[in-house]
There are 2 protein chains.
Amino acid sequence: MTTIRDIAKLSGFSTGTVSRVINNHPDVNPATREKIEAIIRETGFQPNANAKFLKQTISSTITVIVKGIQNSFFETILEEMQEVFKENGEEVSVIFLDETENEVDAAEHACSTRKPRGLIFLGGNIQEFRKNFEKITVPSVLVTVDASQLGYDNLSSFTTDDISGAKEAVSYLVRFGHSRIGIVGGSLDETSGQLSTSRLAGAREILDTHRIPFTFENNYAPCRFSMDDGYRATRELLQKNPGITAIFAMSDLIAVGAVRAVRDAGKSVPEDVSVIGYDGIDYVNYSVPRIATIRQNTGELARRSVEDLLLRVSYSRSAVHEKIPYTVIAGESVAKPRD
Amino acid sequence: MTTIRDIAKLSGFSTGTVSRVINNHPDVNPATREKIEAIIRETGFQPNANAKFLKQTISSTITVIVKGIQNSFFETILEEMQEVFKENGEEVSVIFLDETENEVDAAEHACSTRKPRGLIFLGGNIQEFRKNFEKITVPSVLVTVDASQLGYDNLSSFTTDDISGAKEAVSYLVRFGHSRIGIVGGSLDETSGQLSTSRLAGAREILDTHRIPFTFENNYAPCRFSMDDGYRATRELLQKNPGITAIFAMSDLIAVGAVRAVRDAGKSVPEDVSVIGYDGIDYVNYSVPRIATIRQNTGELARRSVEDLLLRVSYSRSAVHEKIPYTVIAGESVAKPRD
DNA sequence: ATAATATATGCAAGCGTTTTCATGATGTCA
DNA sequence: TGACATCATGAAAACGCTTGCATATATTAT
């Protein structure tokens, strides 16, 4: 294996000078630099990252921690983040966690063993951050969960304003004249996440404003953010309350499941039951009928998060908490109620 | 920061002994082990991975290189791989490449800087491997591309038998009585990948067998593996050749686009045009109509790949090339032609 | 009891870098 | 011309860990 010492020997300079060339240190004679660079090119030498980061006590990588990759919405954001990282020539390392694993513990482990420069959390539980995040000292960003209340000065957050997005979704249904509305998704369990709490809160606020009845018993079906679970929950809800004429699904995957559930209950979308989703995944545009939704701006979410982190790891700026605008996407899945 | 030396001091033993405890080396007194482990637990000490792998000259991580994450099929496999890695307590690092980047170069770079124990390539171009893979010396696995012809003894591969899968797909259409069949997906450019070449070859073989006419001009529309491109290509094909009564889409995403394209051309699926896809993503089961497809066994692809790699990095077994069986999934998107 | 073996631990070198400090060469200014 | 700043380089220590070797103690065989 070729090391910096080999390059030193070949070039006739010391390892120190070679190191300075590699790291673009200014104090090196242009001619020397040229010679050494030539040899590095010839030999194809690549410095050993372990040695480098052992010495530097901090590595150059950014670690992204994704909690729940099954969420295809996260996959989209992750993909778009890669692009921004690439533009900036950043080395990224991705860790995937399932729902049972603790994101803050995983982050702490990564920090103590791998010494990343910065951390991005894609998803996660606000409670965990509240309780344990103080352990983390590197600049971090929390995406899709709002950390503005937590007061950590090394934690930015980028989110969609879910309360207001959910309001728009339900208002959309109300505007069409619906007054028997079901909500599908999330969970009553408080720990399940800020996200479903916000979407539920926003939805209920609009229902209340319009004096539209809502009970957990008759108008709500909790479920995970998948097509399968959306299907199951919607079928159950329609069985309990066949009078429902419109459904607000807390994610598009749930909405896709809901559409099939309505059909399998012998009804049709949107004639008998309207459906509106949330997120704005590509598929809504291809489903039959096209599903109305609240589109989150994944591109901006990804770009702003990465750019904020890169700025903060280099120049110690303070953390920010930003809401990225959403867009209401009309679709064929919402129509006036029948009667 | 707490180091192994701190633990040594606290416990009264030497760093060597602490190291042996950490690495479960047998030659250490159970009582000593107990004491040292207690101190490690108390202090929350975690060994510095950079130092460890500097000394060991090879790291414990497996690196997964994903080329083209926009392929949601890969995302599924990646997710399932994570599970198998987790079961085996393996540390994984994922690198995402876009289509313009060279997977073998990226792998070489990762090897020389990060020293992974093993490599998994999710997707990639067979030509690249043929030309450059000799640079790579660590045990590797190529998933979804068949490397059996390449003769590298450190490269296994796990694939679906695409030729035969495509045969089944087209046979399925033929069995319903179709004889004016279009094929959508892939590219005529040979370098675009073994995958589309195989699927096209299999499809054509069945067409030939049944003396069903096929010309690139009238029966084929190349496109990328996305809904958008599938839509565009299908619309163009239907315009050129309105007589087509059935479409074999080379992926399910393409099929989803194709279904919408048929509708937008004023026809319906499956009454006017039947559609069959390939891959077996979850959407096919929720689309209206449900789309018939050839389901690749992502779970097995993921599990066998990871398990093979783990076996090979630990015990130097020889590389294998395995075909994972597919399943034909019937759907509502295929029916008899109208006339 | 002595020798031989097995077991547990310490010592110290070394993995491939970076970086501080010292040094020598060159240039500048009064 | 001497004093001093500037620039380029080398020498060597250090980062935190592993591991081969030497050593000390405990165990067993003779």
Side-chain angles (χ1 to χ4, degrees), chain A residues 1-40 43-61 91 108-117 138, chain B residues 1-40 43-61 91 109-117:
Chain A
M1 215 202 31
T2 132
T3 74
I4 204 174
R5 211 140 18 214
D6 301 327
I7 306 296
K9 202 149 290 172
L10 283 167
S11 67
F13 292 92
S14 70
T15 60
T17 302
V18 175
S19 171
R20 282 182 279 257
V21 168
I22 294 171
N23 296 287
N24 291 312
H25 203 89
D27 294 353
V28 45
N29 188 314
T32 306
R33 177 182 299 279
E34 193 42 59
K35 276 186 223 159
I36 293 181
E37 277 174 348
I39 296 182
I40 290 178
T43 56
F45 164 74
Q46 310 229 297
N48 180 310
N50 291 315
K52 176 169 182 154
F53 301 137
L54 168 59
K55 182 62 193 178
Q56 296 190 327
T57 70
I58 188 156
S59 90
S60 64
T61 51
E91 189 181 355
E108 194 198 4
H109 184 262
C111 286
S112 55
T113 63
R114 293 306 192 151
K115 313 284 178 194
R117 276 163 78 210
V138 296
Chain B
M1 215 204 30
T2 132
T3 75
I4 202 175
R5 223 166 341 243
D6 301 329
I7 307 296
K9 203 149 290 173
L10 283 168
S11 66
F13 292 92
S14 71
T15 60
T17 301
V18 175
S19 171
R20 282 181 278 258
V21 168
I22 293 170
N23 297 287
N24 291 311
H25 204 87
D27 295 353
V28 42
N29 188 314
T32 306
R33 177 181 299 280
E34 193 42 62
K35 276 186 223 157
I36 293 181
E37 277 174 347
I39 295 182
I40 290 179
T43 57
F45 164 73
Q46 311 228 298
N48 179 312
N50 291 315
K52 175 169 184 158
F53 300 136
L54 168 59
K55 179 65 189 174
Q56 296 189 325
T57 71
I58 189 154
S59 90
S60 64
T61 51
E91 190 182 354
H109 184 263
C111 286
S112 55
T113 64
R114 294 306 193 150
K115 313 283 177 197
R117 277 163 77 209

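All values below were derived from every heavy atom in this structure, side-chain atoms included, with hydrogens, water molecules and symmetry-related copies excluded. Within every chain, numbering begins at 1; the chains are lettered A, B, ... in the order of the sequence lines, protein sequences first and strands thereafter.
The distance from atom CE of M1(A) to atom P of dT17(C) is 7 Å, rounded to the nearest whole Å. Remark: P of dC15(C) and CG of N48(B) are 18 Å apart, rounded to the nearest angstrom. Between L54(A) atom CG and dG14(C) atom P there is a gap of 17 Å when expressed in whole angstrom units. Distance N50(A) CG to dA14(D) C1': 17 Å, rounded to the nearest Å. The nearest whole Å value for the distance from the CZ atom in F53(A) to the P atom in dT18(C) is 9 Å. Across the protein-nucleic acid pair, D6(A) atom CG and dG16(C) atom P stand 9 Å apart, rounded to whole Å. In this entry the distance linking CG of N24(A) with P of dT18(C) reads 11 Å, nearest Å. Rounded to whole Å, the distance from CD1 on I58(A) to P on dG16(D) is 13 Å.
A distance of 13.0 Å separates CD in E37(B) from CZ in F45(B), rounded to the nearest 0.5 Å. Remark: L10(A) CG to T2(A) OG1 distance equals 8.0 Å, nearest 0.5 Å. The distance from the CZ atom of R33(B) to the CD1 atom of I40(B) is 9.5 Å, given to the nearest 0.5 Å.
Distances were taken from every side-chain heavy atom of Q56(B) (C-beta onward) to each of dT18(D), dT17(C), dC17(D); the shortest belongs to dT18(D).
Listed for the T32(B) side chain is no donor-acceptor partner under 3.5 Å among the backbone atoms of V28(B). Between the side chain of S112(A) and the backbone N or O of E108(A), at least one donor-acceptor pair lies under 3.5 Å. Listed for the S11(A) side chain is a donor-acceptor partner under 3.5 Å among the backbone atoms of I7(A).
Distances shorter than 4.0 Å separate some side-chain N or O of S19(B) from OP1 or OP2 on dT18(D).
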Name the atoms and distances for all side-chain donor-acceptor pairs under 3.5 Å in residues 50-60 of chain A, with sequence neighbours left out.
| residue | atom | partner | partner atom | Å |
| --- | --- | --- | --- | --- |
| K52(A) | NZ | N23(A) | OD1 | 3.2 |
| S59(A) | OG | T61(A) | N | 3.1 |
| S59(A) | OG | T61(A) | OG1 | 2.8 |
| S59(A) | OG | K115(A) | O | 2.9 |

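In this structure, N23(A) reaches the sugar-phosphate backbone alone: every heavy-atom distance under 4.0 Å involves primed, P, OP1 or OP2 atoms, never a base.
Contact of K55(B) with dG16(D) (side chain to base): no donor-acceptor pair of N or O atoms is detected under 3.5 Å.
Proximity of I4(B) to I22(B): side-chain heavy atoms (C-beta onward) are separated by under 4.5 Å at one or more points. In this structure the side chain of I36(A) reaches within 4.5 angstrom of the side chain of F13(A), judged on heavy atoms.
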Every protein N/O within reach of nucleotides 7-10 of chain D N/O, cut-off under 3.5 Å:
| residue | atom | partner | partner atom | Å |
| --- | --- | --- | --- | --- |
| dT9(D) | OP1 | T32(A) | OG1 | 2.5 |
| dT9(D) | OP2 | N29(A) | N | 3.0 |
| dT9(D) | OP2 | T32(A) | OG1 | 3.4 |
| dG10(D) | OP2 | S14(A) | N | 2.7 |
| dG10(D) | OP2 | S14(A) | OG | 3.0 |
| dG10(D) | OP2 | T17(A) | OG1 | 2.9 |
| dG10(D) | N7 | R20(A) | NH2 | 2.9 |

Given Watson-Crick and G-U pairs under 3.5 Å, DNA chain C in dot-bracket ([ ] crossing, | other strand) is ||||||||||||||||||||||||||||||
